[in-house]
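Each remark here refers to the structure printed beneath this line.
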Amino acid sequence: VTRWFQFSTFCPLLRVHGKPPFREMWYFGADEGHRAYKTQLAFDRLRYRMLPYTYSVAAGVTHQNGSVMRPLVMDFRDDPEVLNVGDEYLFGPSMLVSPVYVAKATHRSVYLPRAGWYDFWTGRHQQGGRRIEAAAPFESMPLYVRAGSILPMGPELQYADEKPADPITLWIYTGADTTFDLYEDDGVTYGYEKGASATIPLHWNEATATLTIGDRIGRFPGMLASREFRVVFVSPRKAVGHSESPAGAESVRYEGKSVTLRAVR
């Protein structure tokens, strides 16, 4: 069940209720100190922190005919090895998910397509175009981020609209030029169908090592006029593993107008 919950964190939908058996996390493990409970809770918290990324990817489905879950052949058509990979997928444009299906497994073979990759948990760089034996302990699962990615992560939440997504941490996984449109609306009504939404374009320039947070496009009721971005640069020479409050993050005040930040190499 814990493996299922890890996998479901990176699926578009999550349904934990129903019977029998009961599927809520508190029915598994003896108490809140049990590792099954703690692992499910950790992935649930990660799911909520990922909302800025997930919501933006979902907006791409609505407005740009995008896709949330992507077979590897969609993005790596020139890599013949991905034609036979049926147990991995991309979650949005950036994240490579490798679910663990074997009971009690502590590792699994993972194919990294022809690109640069970063281990999400440790920030260590991996060269693609090859298979690796990835660690898959009970508390985790193999998860990689493509080099040349921008991954926006929000604050800790108890439920989706508990509070505004502020601050947002922008994880910049260097290695190639990239763009990402951070999308927002009120999250409740159908106002977005009438244009009540906003997009903040993000661009990473590899040659100049600069991140540009562009002019905000659009607006909606309740939109934050001013907000904080925390920026983390991850590179082959600077491994930064995922955490809610990463050390060394640079803080930027954003008022809706373009801001540029240069990474120190």
Side-chain angles (χ1 to χ4, degrees), residues 1-14 35-36 39-40 42-43 46-47 49-50 53-54 57 60 66-151 153 171-180 204 206 232-243 246:
V1 173
T2 300
R3 292 298 193 189
W4 165 82
F5 200 90
Q6 294 172 4
F7 167 73
S8 66
T9 297
F10 301 99
C11 290
L13 299 175
L14 172 64
R35 66 173 185 165
T39 298
Q40 293 179 75
F43 272 85
L46 173 61
R47 182 182 181 87
R49 291 200 304 273
M50 286 180 60
Y53 176 78
T54 305
V57 171
S67 176
V68 177
M69 297 179 69
R70 308 164 65 89
L72 302 189
V73 293
M74 286 184 65
D75 289 67
F76 302 98
R77 287 169 286 182
D78 296 330
D79 186 344
E81 292 297 321
V82 303
L83 297 176
N84 299 313
V85 178
D87 59 352
E88 303 174 29
Y89 64 92
L90 290 173
F91 181 61
S94 303
M95 307 188 77
L96 176 66
V97 184
S98 302
V100 181
Y101 297 104
V102 179
K104 299 183 180 180
T106 57
H107 57 83
R108 63 152 290 176
S109 176
V110 172
Y111 181 72
L112 299 176
R114 293 177 181 174
W117 297 92
Y118 293 91
D119 186 308
F120 176 79
W121 307 109
T122 67
R124 293 178 56 188
H125 184 266
Q126 296 270 11
Q127 189 58 45
R130 63 193 180 102
R131 280 198 170 272
I132 63 171
E133 196 67 17
F138 183 89
E139 293 81 8
S140 186
M141 66 183 293
L143 182 62
Y144 295 87
V145 184
R146 192 195 314 209
S149 291
I150 300 174
L151 194 63
M153 306 281 283
W171 291 79
I172 313 301
Y173 293 88
T174 67
D177 291 349
T178 189
T179 60
F180 188 88
W204 165 253
E206 182 70 17
V232 180
F233 297 102
V234 188
S235 70
R237 297 177 58 183
K238 183 183 177 182
V240 184
H242 173 75
S243 67

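Keep in mind that this is a model prediction, so the values were computed, not measured.
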When you compare the side chain of Ile132 with that of Pro142, does any pair of heavy atoms fall below 4.5 Å?
no
Look only at the side chain of Arg108 and the backbone of Ala105, and say whether a donor-acceptor pair between them is shorter than 3.5 Å.
no
Least distance between heavy atoms, Gly116 atom then His125 atom:
CA-NE2, 3.9 Å
Between Met141 and Ser98, is a side-chain contact (heavy atoms from CB on, under 4.5 Å) present by the stated rule, with each step listed?
CA-CA 7 Å; Met141 66 183 293; Ser98 302; 6.0 Å; no
Under the side-chain contact (heavy atoms from CB on, under 4.5 Å) rule, what do Trp204 and Phe233 come out as? Steps first, then yes or no, please.
CA-CA 10 Å; Trp204 165 253; Phe233 297 102; 3.4 Å; yes
Do Asp75 and Leu90 have side chains that get closer than 4.5 Å, going by heavy atoms?
yes
Validation row: Leu46, His242 side chains within 4.5 angstrom (heavy atoms)
yes
Would you find a donor on one side and an acceptor on the other, under 3.5 Å apart, between the side chain of Thr174 and the backbone of Val234?
yes
Determine whether more than 12 heavy atoms belonging to other residues, nucleotides or ligands lie under 6.0 Å from atom CZ of Arg70.
yes
For residues Trp121 and Tyr144, establish whether the separation of their ring centroids is below 6.0 Å.
no
So which heavy atom on Met74 is nearest to which on Ser67, and how close?
CE-CB, 4.2 Å
d(Tyr89 OH, Leu96 CG) to nearest 0.5 Å is 9.5 Å
Could you check if a side-chain atom of Trp171 sits within less than 4.5 angstrom of a side-chain atom of Met153, using non-hydrogen atoms only?
yes
Is there a donor-acceptor pair under 3.5 Å between the side chain of Tyr53 and the backbone N or O of Ser94?
yes
Keeping the roles fixed (side chain from Glu88, backbone from Tyr111), state whether a donor-acceptor pair exists under 3.5 Å.
yes
Min side-chain heavy-atom separation Val97-Pro99 under 4.5 Å:
yes
So do the side chains of Met95 and Met50 get within less than 4.5 Å of each other, counting heavy atoms only?
yes
Within a strict 4.5 Å, meaning less than it, do heavy atoms of the Pro113 and Glu81 side chains meet?
no
Is there a donor-acceptor contact under 3.5 Å from the side chain of Arg146 to the main chain of Pro93?
yes
Identify whether NZ of Lys or CZ of Arg in Arg35 sits under 6.0 Å from the centre of the six-membered ring of Phe138 and within 45° of that ring's axis.
yes
Got a second to check how far Thr178's OG1 is from Ile150's CD1, nearest 0.5 Å?
5.0 Å
What do the steps show when you test Val240 against Tyr118 for side-chain contact (heavy atoms from CB on, under 4.5 Å), and what is the final call?
CA-CA 9 Å; Val240 184; Tyr118 293 91; over 6 Å; no
For a salt bridge (charged side-chain N to carboxylate O under 4.0 Å, His left out) check, start with the C-alpha distance between Arg114 and Asp79, then their side-chain angles and the critical distance, and finish with the verdict.
CA-CA 7 Å; Arg114 293 177 181 174; Asp79 186 344; 3.7 Å; yes
When you compare the side chain of Val57 with that of Phe91, does any pair of heavy atoms fall below 4.5 Å?
no
Distance-only, no hydrogens or angles: does the Trp117 side chain make a donor-acceptor pair with backbone N or O of Leu143 under 3.5 Å?
no
To the closest 0.5 Å, what do you measure between OG (Ser109) and CG (Asp87)?
8.0 Å
Short question: side chain of Ser149, backbone of Val145 - any donor-acceptor pair under 3.5 Å?
no
Any chance you could measure Thr39, atom OG1, to Glu139, atom CD, to the nearest 0.5 Å?
4.5 Å
Evaluate the criterion side-chain contact (heavy atoms from CB on, under 4.5 Å) for residue pair Tyr173 and Val232; output intermediate values, then yes/no.
CA-CA 8 Å; Tyr173 293 88; Val232 180; over 6 Å; no
